[in-house]
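Quantities reported herein were computed from a predicted structural model and do not represent experimental measurements.
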Amino acid sequence: MNKVEVNENYKVSPFYVFFLVHSMQTGVGVLSFQRVLAKSAGTDGWISILLAGLIVHILIWIIYKILSIVPGDIISANNHAFGKWIGNFFSLLFILYFLILGMDMIISYINIIHVWMFEEVASWAFTVVLLLLIYYINTGGFRTITGIAFLTVILSYWIFFVLFYVMKYSEFTNLLPIFDHNLLDILKGTRSTSLTFLGFEMILMFYPFIEDAKTSQKYAHGGALTTTLLTVFIYLVSLIFYSQKQLELTIWPTLTMTSIVELPFIQRFEYIQVSWWAIFVIPNMTICLWAASRGIKRIFNVQQKYPLWAMSIIILFTNIFVFDNDSLYILNKIIDPYAVLFLALYLPLLLAIIYIKKRRIRL
């Protein structure tokens with residue numbers, strides 16, 4: 001088994017898992033999930049969100065069950081279940097997924113900056129700034145990353161109170177009718193919100209960095225529950241602000257409806273929101289690239305900074321030579337629904353294999 005040994009000085013309190021999970025799930029997806037969900041489930045989309053949240057809680061329980069049987073991370077669990085070579089193959093799939101997820105977050109946020117603020121500035125310029133910041137945070141180690149995630153949640157939650165301002169221009173009858181969609185529509189809506197809930201699976205990599213990690217499960221569930229309730233609230237506010245057709249045609253409903261906010265000292269409030277949203281997405285990007293580079297370090301026994309450099313270069317060149325709106329659409333389609341389906345199928349299978357092997361050893 002590929003064992004994991006982490007110095008106690010590098011570990012964080014179980015309490016911080018709440019912030020790590022919640023900050024990972026609160027990213028660019030919160031700005032745009034309503035449009036696709038409205039097409040699938042309409043006024044019953046909140047049911048789809050609750051169902052997606054339930055699935056996340058089940059998968060978090062499975063993750064903790066796996067890592068309680070095989071102490072370590074996903075690489076240790078894969079090697080224990082399948083052996084070194086096949087286990088490393090599945091571990092590389094997870095590393096590729098972490099990289100693609102981080103790339104998607106970076107490119108999606110830069111696309112928002114282009115559309116809402118700086119259309120003429122080259123995308124590679126924003127990419128370089130973000131990647132340098134991500135690398136700098138990563139060099140501080142996992143405790144620094146955790147601190148950034150903690151500050152993100154503490155300092156940025158004020159922005160969601162803007163939604164209460166929006167409510168005075170809303171029509172509450174837009175919430176009707178309820179329970180008007182069949183089960184298939186609800187399930188389609190659940191799939192369309194999956195990208196918003198991704199991020200909890202990073203526990204598979206940072207589990208060894210948690211003090212008394214088994215006790216952190218309640219905080220992981222707490223972070224996921226907070227994300228679920230926040231997403232339901234944002235969707236309900238979107239429903240009462242927009243008509244059904246408007247919501248289906250608006251690309252970034254959260255940004256668009258908060259752009260009506262007017263202050264005496266600023267005319268374009270959305271500039272503040274888009275800029276402030278960088279505080280939300282930086283921990284997402286940082287944790288994804290940390291997890292991917294950490295996985296390479298674990299498998300190939302190299303210093304973590306080298307795969308981090310390589311991944312940063314891949315993201316930069318992808319942004320320069322490949323990136324356009326069609327590429328972003330394809331990237332989102334790779335992650336959603338295939339990544340979610342992979343996690344939903346693979347993690348229970350992995351738990352079953354590990355549990356069977358454990359029983360055979362006892363016999």
Side-chain angles (χ1 to χ4, degrees), residues 21-57 105 108-109 112 153 156-200 222-261 270 273-274 276-277 280-281 284 332 335-337 340:
V21 171
H22 183 47
S23 65
M24 268 303 304
Q25 292 182 309
T26 311
V28 290
V30 175
L31 301 177
S32 59
F33 75 94
Q34 302 100 309
R35 180 172 64 94
V36 181
L37 180 55
K39 290 180 179 179
S40 303
T43 53
D44 292 327
W46 59 273
I47 303 176
S48 299
I49 296 172
L50 292 177
L51 181 57
L54 177 61
I55 294 171
V56 168
H57 282 289
M105 291 175 177
S108 297
Y109 181 63
I112 292 172
V153 176
S156 301
Y157 239 76
W158 68 269
I159 207 164
F160 292 109
F161 288 97
V162 175
L163 297 173
F164 288 99
Y165 178 92
V166 172
M167 290 175 69
K168 67 180 181 179
Y169 300 102
S170 301
E171 179 57 59
F172 285 85
T173 57
N174 289 346
L175 294 174
L176 302 174
I178 59 173
F179 307 117
D180 191 44
H181 295 77
N182 58 42
L183 180 60
L184 181 60
D185 291 334
I186 299 297
L187 292 176
K188 286 181 180 178
T190 299
R191 191 191 71 175
S192 66
T193 61
S194 57
L195 188 60
T196 307
F197 285 94
L198 288 175
F200 67 92
L225 177 61
T226 303
T227 303
T228 303
L229 297 178
L230 177 64
T231 307
V232 169
F233 174 65
I234 294 173
Y235 187 70
L236 291 177
V237 173
S238 301
L239 282 177
I240 62 177
F241 182 79
Y242 298 98
S243 68
Q244 181 77 22
K245 292 298 181 182
Q246 284 177 325
L247 191 56
E248 292 177 7
L249 295 173
T250 306
I251 298 177
W252 293 290
T254 306
L255 279 177
T256 303
M257 67 181 172
T258 55
S259 65
I260 70 168
V261 176
E270 66 269 22
Q273 187 169 7
V274 171
W276 201 270
W277 213 265
F280 281 98
V281 299
N284 302 163
N332 284 329
I335 299 174
D336 177 21
V340 179

Glu248: partners by salt bridge (charged side-chain N to carboxylate O under 4.0 Å, His left out), with sequence neighbours left out: none

Nearest-0.5 Å distance that lies between atom CG in Leu255 and atom CH2 in Trp277: 7.5 Å

Euclidean distance, Ile55 CD1 relative to Arg191 CZ, rounded to 0.5 Å: 12.5 Å

Distance, nearest 0.5 Å, that separates CG of Leu236 from CD1 of Ile240: 7.5 Å

Taking distance alone, no hydrogens or angles, what donor-acceptor pairs closer than 3.5 Å link side-chain atoms of residues 160-172 to residues at least two apart or in another chain?
unit_1	atom_1	unit_2	atom_2	d
Ser170	OG	Val166	O	3.2
Ser170	OG	Met167	O	3.3
Glu171	OE2	Thr173	OG1	2.8

Pairing residues for Thr196 by the side-chain contact (heavy atoms from CB on, under 4.5 Å) criterion, not counting sequence neighbours: Val30, Phe33, Thr231

Pairs satisfying side chain to side chain donor-acceptor pair (under 3.5 Å), at least one member in residues 29-40, at least two apart: Gln34-Ser238, Gln34-Thr254

Atom pair CG/CD1 of Leu229 and Ile234 - distance to nearest 0.5 Å: 11.5 Å

From Thr228, Asn284, Leu198, Val56, residue fulfilling side chain to side chain contact (heavy atoms under 4.5 Å, CB included) relative to Gln25: Val56

Sidechain-backbone polar pair: Ser108 side chain, Met105 backbone, donor-acceptor under 3.5 Å: no

Val153: side-chain contact (heavy atoms from CB on, under 4.5 Å) partners, not counting sequence neighbours: Phe19, His22, Ser23, Tyr157

Full working for side-chain contact (heavy atoms from CB on, under 4.5 Å) between Leu176 and Thr43: CA-CA 7 Å; Leu176 302 174; Thr43 53; over 6 Å; no

Any side-chain heavy-atom pair of Leu247 and Phe241 under 4.5 Å: no

Side chain Asn174, main chain Tyr242, donor-acceptor under 3.5 Å: yes

Nearest non-hydrogen partners of Val36 and Ser192, listed with the distance: CG1-CB, 3.4 Å

Residue pair Gly42 / Leu239: nearest heavy atoms and the distance that separates them: O-CD2, 4.1 Å

Which residues share a side-chain contact (heavy atoms from CB on, under 4.5 Å) with Leu183, sequence neighbours left out: Leu187

Spacing of CG belonging to Leu230 relative to CG belonging to Leu225, to within rounding of 0.5 Å: 11.0 Å

Test item: Thr256 side-chain N/O and Pro253 main-chain N/O as donor-acceptor pair under 3.5 Å: no

Minimum side-chain heavy-atom gap Val237-Met257 below 4.5 Å: yes

Contacts of type side-chain contact (heavy atoms from CB on, under 4.5 Å), residue Asp44, not counting sequence neighbours: Trp46, Ile47, Ile178, Asp180, His181, Ile186

Straight-line distance of Ile49 CD1 to Tyr235 OH, nearest 0.5 Å: 7.0 Å

